[in-house]
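Below: the structure, in structure tokens.
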Amino acid sequence: MPPPPDPGPSPRRGRLGPAVLLLVTVAAVAIGLYLGARPLPQEPAPAPSSPAPTASATATPDPLAGLHVVLDPGHNGRNAAATAEVNAPTDDGRGGTKACNTVGTATLSGYPEHAFTWDVAVRTRALLEAAGATVTLTREDDAGVGPCVDERGRSAQEHDGDLLVSLHADGSEDPQVRGYFAIVSEPPLNEAQGEPSRALARAMLQALAEAGFTPSSSYAGALSQRPDLGTLNWAERPVVMLELAQMHNAGEAAVLETEEGRQRYAAAIADGVGRWAAAR
């Protein structure tokens, strides 16, 4: 029997035809071009470092820091019950005499000057001490008698204070009169009673004006100058007496009889002390 015809070499499995091979090559080139066009991955940038701390600028010192203020709340709660004691003659500092002290005035509803000045002084002390000042009061409470005007005047130098502010309220018989004013000793008996005291008065008057209170029209510039007040005459430190309001004026009485009103007065006084201290 003749042998079967030779089928020839069998096709090899897995071999790619020329067309398929061309397509694979084109695809590979395209992928390479795409990948080459992409940015290379970057390492994360380091977080910006915080700047080195620098020393802060030196703060401006508060002018009240280290200041010793003597506040004199006028009159006292038991003066009216100690007539003989408060009426006893006392050296006025100029060779004359003055009553040791007085009872003071009151609003038409009966709120007394001694209570007003005590409350304002305590409130002022709190504000001044919070700002770094040392504060001394010429009386310990509102239930005593005196002290006499000469002792009040000497209190600043005896306590090594830097200034003395005496707090009062006026009692004009005319209820239409209104407004605050300051009093200084004239003529001055020492250097402190001169320009330093007038500068203190100006600072106080400006602070009261900017706090919204009304200046008195009874004195030029709301400044009275008197020779007869022992509290001023005995002082050897800058000193001013403030008549903060007219107690017989209904509008001003309505303010000073409230806690809010007395706090406003205290804030103005503390501001005035600060102004004077900053300008020294």
Side-chain angles (χ1 to χ4, degrees), residues 68-76 79-80 82-105 113-114 117-118 121 136-139 144-173 177 179-205 208 215-216 218-247 269 272-273 276 280:
H68 188 171
V69 183
V70 179
L71 295 177
D72 173 39
H75 314 288
N76 210 328
N79 280 6
T83 306
E85 187 175 346
V86 298
N87 286 335
T90 303
D91 190 335
D92 69 357
R94 293 185 187 269
T97 60
K98 198 81 172 176
C100 164
N101 210 276
T102 60
V103 174
T105 187
E113 180 184 359
H114 64 79
T117 61
W118 172 253
T136 298
L137 302 184
T138 59
R139 53 186 174 103
V145 177
C148 293
V149 293
D150 59 331
E151 183 179 346
R152 291 172 185 258
R154 290 194 301 267
S155 60
Q157 56 262 28
E158 290 180 351
H159 289 92
D160 196 25
D162 294 299
L163 70 159
L164 171 63
V165 180
S166 186
L167 306 177
H168 292 262
D170 202 27
S172 172
E173 293 304 317
V177 174
Y180 62 83
F181 60 96
I183 311 173
V184 294
S185 184
E186 177 62 34
L189 295 172
N190 53 53
E191 183 179 355
Q193 291 178 13
E195 177 54 27
S197 292
R198 282 157 177 73
L200 177 59
R202 289 193 296 270
M204 289 295 176
L205 293 172
L208 286 163
S216 172
S218 300
Y219 306 95
L223 180 65
S224 171
Q225 304 178 74
R226 293 176 57 172
D228 62 320
L229 298 178
T231 300
L232 301 179
N233 292 339
W234 281 100
E236 296 177 1
R237 300 288 191 274
V239 58
V240 65
M241 182 176 290
L242 297 177
E243 298 285 358
L244 293 169
Q246 289 292 338
M247 299 198 83
I269 295 164
V273 172
W276 174 83
R280 286 196 300 169

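Residues take their numbers from the sequence shown, with the count starting at 1.
- Judged by distance alone, the side chains of Asp92 and Thr97 never bring a donor and an acceptor atom under 3.5 Å apart.
- Considering NE2 of His114 and CG of Asn79, their distance stands at 8.0 Å, rounded to 0.5 Å.
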* **Verdict with reasoning, Glu186 to Arg198, per salt bridge (Lys or Arg N to Asp or Glu O under 4.0 Å)** => CA-CA 10 Å; Glu186 177 62 34; Arg198 282 157 177 73; 2.4 Å; yes
* Asked: Does the pair Gln246 and Asp170 meet the rule for a side-chain hydrogen bond (donor to acceptor under 3.5 Å, both in side chains), with working shown?
  -> CA-CA 5 Å; Gln246 289 292 338; Asp170 202 27; 2.9 Å; yes
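- Listed for the Arg152 side chain is no donor-acceptor partner under 3.5 Å among the backbone atoms of Gly230.
- Minimum interatomic distance between Pro215 and Ala222 (heavy atoms only, all atoms of both residues): CB-CB, 4.1 Å.
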* To do: Evaluate side-chain hydrogen bond (donor to acceptor under 3.5 Å, both in side chains) for Ser197 paired with Arg202, printing each intermediate quantity in order.
  => CA-CA 9 Å; Ser197 292; Arg202 289 193 296 270; over 6 Å; no
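- Side-chain contact of Arg154 with Thr138: a donor-acceptor pair under 3.5 Å is absent, judged by distance alone.
- Between Asp72 and Val165, every side-chain heavy-atom pair lies at or beyond the 4.5 Å cut-off.
- A heavy-atom distance below 4.5 Å is found between the side chains of Leu205 and Tyr180.
- Residues Val86 and Thr102 form no side-chain contact, since every pair of their non-hydrogen atoms from C-beta on lies 4.5 Å or further apart.
- Residue Glu191 places its CD atom among 12 or fewer non-hydrogen atoms of other residues, nucleotides or ligands, all under 6.0 Å distant.
- By the 4.5 Å heavy-atom criterion applied to side chains, Val273 and Met204 are counted as neighbours.
- Panel note: side chain Gln157, backbone Trp234; a donor-acceptor pair is recorded below 3.5 Å.
- Two residues are said to be in side-chain contact when any heavy atoms from C-beta on lie closer than 4.5 Å; Asp150 and Asp91 fail this criterion.
- One finds the OG atom of Ser155 at 5.0 Å from the CG atom of Leu164 (value rounded to the nearest 0.5 Å).
- Within the 3.5 Å criterion, the main-chain N or O of Arg139 finds no donor-acceptor partner in the side chain of Asn76.
- With hydrogens and angles ignored, the 3.5 Å screen pairs a side-chain donor or acceptor of Arg94 with a backbone N or O of Pro227.
- Applying the ring-ring contact (aromatic ring centres under 6.0 Å, His included) test to His168 and every residue at least two apart in sequence or in another chain returns His75.
- Using modelled atom types, no side-chain atom of Arg237 and backbone atom of Val70 make a donor-acceptor pair closer than 3.5 Å.
- With rounding to the nearest 0.5 Å, the separation of CG in Asn101 from CD in Glu85 is 9.5 Å.
- For the pair Leu232 and Arg226, the minimum side-chain heavy-atom distance is 4.5 Å or more.
- Without hydrogens or angle criteria, Gln193 side chain to Ala235 main chain gives a donor-acceptor distance under 3.5 Å.
- With a 4.5 Å cut-off on side-chain heavy atoms, Leu244 and Ile269 count as touching.
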* Start with the C-alpha gap between Gln225 and Ile183, add the side-chain angles, then the distance that decides, and say whether side chain to side chain contact (heavy atoms under 4.5 Å, CB included) holds. => CA-CA 6 Å; Gln225 304 178 74; Ile183 311 173; over 6 Å; no
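- Between the side chain of Thr117 and the backbone N or O of Gly74, at least one donor-acceptor pair lies under 3.5 Å.
- Under the 4.5 Å side-chain criterion, counting only non-hydrogen atoms from C-beta, Thr90 is in contact with Cys100.
- If you take CZ on Arg280 and CG on Asp162, they are separated by 5.0 Å, rounding to the nearest 0.5 Å.
- Smallest separation of non-hydrogen atoms from Val240 and Ala182: CG2-CB, 3.8 Å.
- Across all their heavy atoms, Leu137 and Ala121 have their closest contact at CD2-CB, 4.3 Å.
- Across all their heavy atoms, Pro196 and Pro238 have their closest contact at CB-CG, 3.7 Å.
- Legend: residues meeting ring-ring contact (aromatic ring centres under 6.0 Å, His included) with Phe181, ordered by chain and number and at least two apart, are Tyr219.
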